[in-house]
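Throughout, protein chains are lettered first and strands after them, A, B, ... in sequence-line order, and every chain is numbered starting at 1. Everything numeric here is computed off the predicted structure, so don't read it as measured data. When reading the values below, keep in mind they use all heavy atoms of this one structure, side chains included, and skip hydrogens, waters and symmetry mates.
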Amino acid sequence: MSGDHFHNDSQIDSGSRHNDSHKHKDKYKDKEHKHKDHKKDKEREKSKYSNSEHRDSSDKKHRDKDKERLKLKDGSSDKQKDKHREKKKEERSFDGKPKKEKENGFESPFIKSEPENDGFYHSPKHEKSLKRERDDDDAEFKPKKIKTEESEKKAKKRKQEEEDIKPKKKTKDKKGEAATDGKKKAKKEPEEKWKWWEEERYTDGVKWKFLEHKGPVFAPPYEPLPSNVKFYYDGKHMKLSPGAEEVATFFAKMLDHEYTTKDVFRKNFFKDWRKEMTSEEKSKLTDLNKCDFSEMSEYFKAQSEARKAMTKEEKLKIKEENERLLQEYGFCIMDNHKERIANFRIEPPGLFRGRGDHPKMGMLKRRIRPEDIIINCSKDSKYPKPPPGTKWKEVRHDNKVTWLVSWTENIQGSIKYIMLNPSSRIKGEKDWQKYEMARRLKKCVDRIRAQYREDWKSKEMRIRQRAVALYFIDKHLQELMDGLTAKVFRTYNASITLQQQLNELTSSEDNVPAKILSYNRANRAVAILCNHQRAPPKTFEKSMQNLQTKIDAKKEQLADAKRELKSAKADAKVRRDEKSKKAVESKKKAVQRIEEQLMKLEVQATDREENKQIALGTSKLNYLDPRISVAWCKKFGIPIEKIYNKTQREKFAWAIDMAEKDYEF
DNA sequence: ATTCGGACTTAGTACCTTCGCA
DNA sequence: TGCGAAGGTACTAAGTCCGAAT
């Protein structure tokens, strides 16, 4: 596939480019306004709710919207579900090699594409597959209201195990019961991973029926510096008040970083720092350039060295403590299941580091206290306790949202949340739904494109194109396909590209490393398409050199081995005895082994070189339908671990479980 | 009709851990 | 067994979407 192809695509794509500095600046302006003008109102508005124990949101809107979304997919048949269930039985212990091959196999459908003038690949098979999918796959993401026999059984079993757990849709969980149940279960080994994707989904905007958690972990309190670490102003030692000292340490810790030299950063920092000073300090400290943080800076460097030099035992102790915190605060109970929380720690105070030329860089990000925190949980759960002597800002019970904890951050005035891990049901369902939406686009993308291409046929192509595209992205989309947004296009383009590339690049005769290289190349094509770039790692050149040295050494080794083989052969010819024959064999094997090693290294070098400025992570995690990768693994006998690490496997558990080798996006 | 803002998702990166090799 | 590199994770800024407010 040509580079042009990608460029075309990405232009049409969505217009959402991120590193456009002009845009940034404008945006910053906007925010500025927004907050000056509206923050007060917002605060007022909010205070209406403060300290109210209960706040039941009147949320018909959400409900209607979600209903709308889900009903799109209606038309699933029971047959469909049966098929689904069967799959699961077959593949429960997937290890890269499907236990049961389907005899009809995979019809290799992809013919090398000629990009059309719109830059998109249009598979000849497209038409056919559209129809098929309309018939079959359509129904995959819809609420499963009808309970199948098997799930019924399972449910019963679960009921016995967990005493009194109510199916989501029936009635409200009774107070307390569910909570204790959940905990009991959680403490036992979770023998079997919960397959939420086999269960029915909420259709009414409700995100959960029961939610219990222990609240956030606050940043550790500030520890004043030892008295021998001094701060100097204008060359003179000055003892800072604790408040001022803390903010000073934030700056001292960043001293090595370039942005502490930037005017904006220094200005913002100094302004905010002064706010934390006593009036005496304020009158003395008037010029940041006269401040000498170097002792502080040295002290922190020494500290981090000391941390590195800790003994194994000390390190272990810290690790254990972290683990304890994780176990205590890192999970919640949501609807009878223990789910991992993504970020249970409150962001610690520090200096704001915006990206690019952010006008607010250097501002003080203030410490979040319990009084800033809104807790969201079930009415009938055990509420998290604020630290002794403090109060939460509010405890609310809004089950139309997914967050557990929120607070308002002081730099932009935006809200920050504590939410669940990507492996959780609530995130997974959303992810799955996203890909289903993109697959729906696949079905009508030809029509949509034909339509807008028609509009382009006019003088002043460029301008019209742009105008139409913009109009299209901004206004039209929902009319063409409901739920269609720019993001859906992006997801669609990424996923379809991966699928095509995988089909084009993978050949079944290749060995595993070569296949993985193909996978990475396909992934890379997508990353380029989505413009996921990265700065080449600092150590790139060096590590590349190292690798090349290794390759050279290997080559030499290979040459030697070949020479030896040759002489062994000659020797065997003369001697004609068993011993020399054996020697030839073993030399042959050695050559083979070295050749393999060499190839592996070369593949690695290619891979790394091609990956220099491209970040694969984002597309892999956010835009590529994981079922495509899973299917590919199954089809070519690649262990899924080679493609997804542990975290990714957790996030994509649903896809790993449900996708077969013939899955088609 | 436009803007705002809450709730999410996506993205970049610093740091920590593990791996592979001499 | 120590070291650098690769891989993985945590953190948090920034973007998107969409309903509500203006």
- [ ] Decide, yes or no, whether a salt bridge links A:Arg396 with A:Asp398 under the criterion of side-chain N to carboxylate O below 4.0 Å.
- [x]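 The answer is no: the pair does not qualify as a salt bridge.
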
Task: Sidechain N-carboxylate O distance under 4.0 Å for A:Asp607, A:Arg524 - done: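 Yes, charged N to carboxylate O under 4.0 Å.
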
- [ ] Would you tell me if any nitrogen or oxygen in the side chain of A:His358 comes within less than 4.0 Å of OP1 or OP2 on C:dA14?
- [x]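 True: A:His358 side-chain N/O within range (under 4.0 Å) of C:dA14 OP1/OP2.
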
What is the distance from [atom1] of [X] to [atom2] of [N], rounded to the nearest Å?
X: A:Asn645; N: C:dG7; atom1: CG; atom2: P; value: 11 Å
X: A:Met419; N: C:dC11; atom1: CE; atom2: C1'; value: 15 Å
X: A:Gln433; N: B:dT9; atom1: CD; atom2: P; value: 10 Å

Task: Upstream residue (5' side of DNA chain C) when A:Ile346 and A:Gln648 are each assigned their closest nucleotide - done: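 Looking at DNA chain C, the more 5' nearest nucleotide goes with A:Gln648.
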
TODO: Would you mind telling me which residue lines up with the more 5' stretch of DNA chain C, A:Gln604 or A:Lys416, judged by nearest nucleotide?
DONE: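 Closer to the 5' end of DNA chain C: A:Gln604.
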
- [ ] Find out whether the Lys NZ or Arg CZ of A:Arg369 is both under 6.0 angstrom from the six-membered ring centre of A:Phe218 and within 45° of the ring's axis.
- [x]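 No, A:Arg369 does not sit over the ring of A:Phe218.
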
Task: Which residue lies more 5' along DNA chain B, comparing A:Asp431 with A:Ser406 via nearest heavy atoms - done: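 So the residue in question is A:Ser406.
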
- [ ] Map A:Arg353 and A:Asn622 onto DNA chain B by nearest heavy atom, then report which one ends up closer to the 5' terminus.
- [x]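 First, find each residue's nearest nucleotide; the 5'-ward one identifies A:Asn622.
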
TODO: May I ask you to check whether A:Phe344 and A:Tyr329 place their ring centers less than 6.0 Å from one another?
DONE: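 Not under 6.0 Å, so no.
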
TODO: Report yes if a donor N or O on one partner sits less than 3.5 Å from an acceptor N or O on the other, where the partners are the side chain of A:Arg355 and the base of C:dA13; otherwise report no.
DONE: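 Answer yes: a donor N or O sits under 3.5 Å from an acceptor.
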
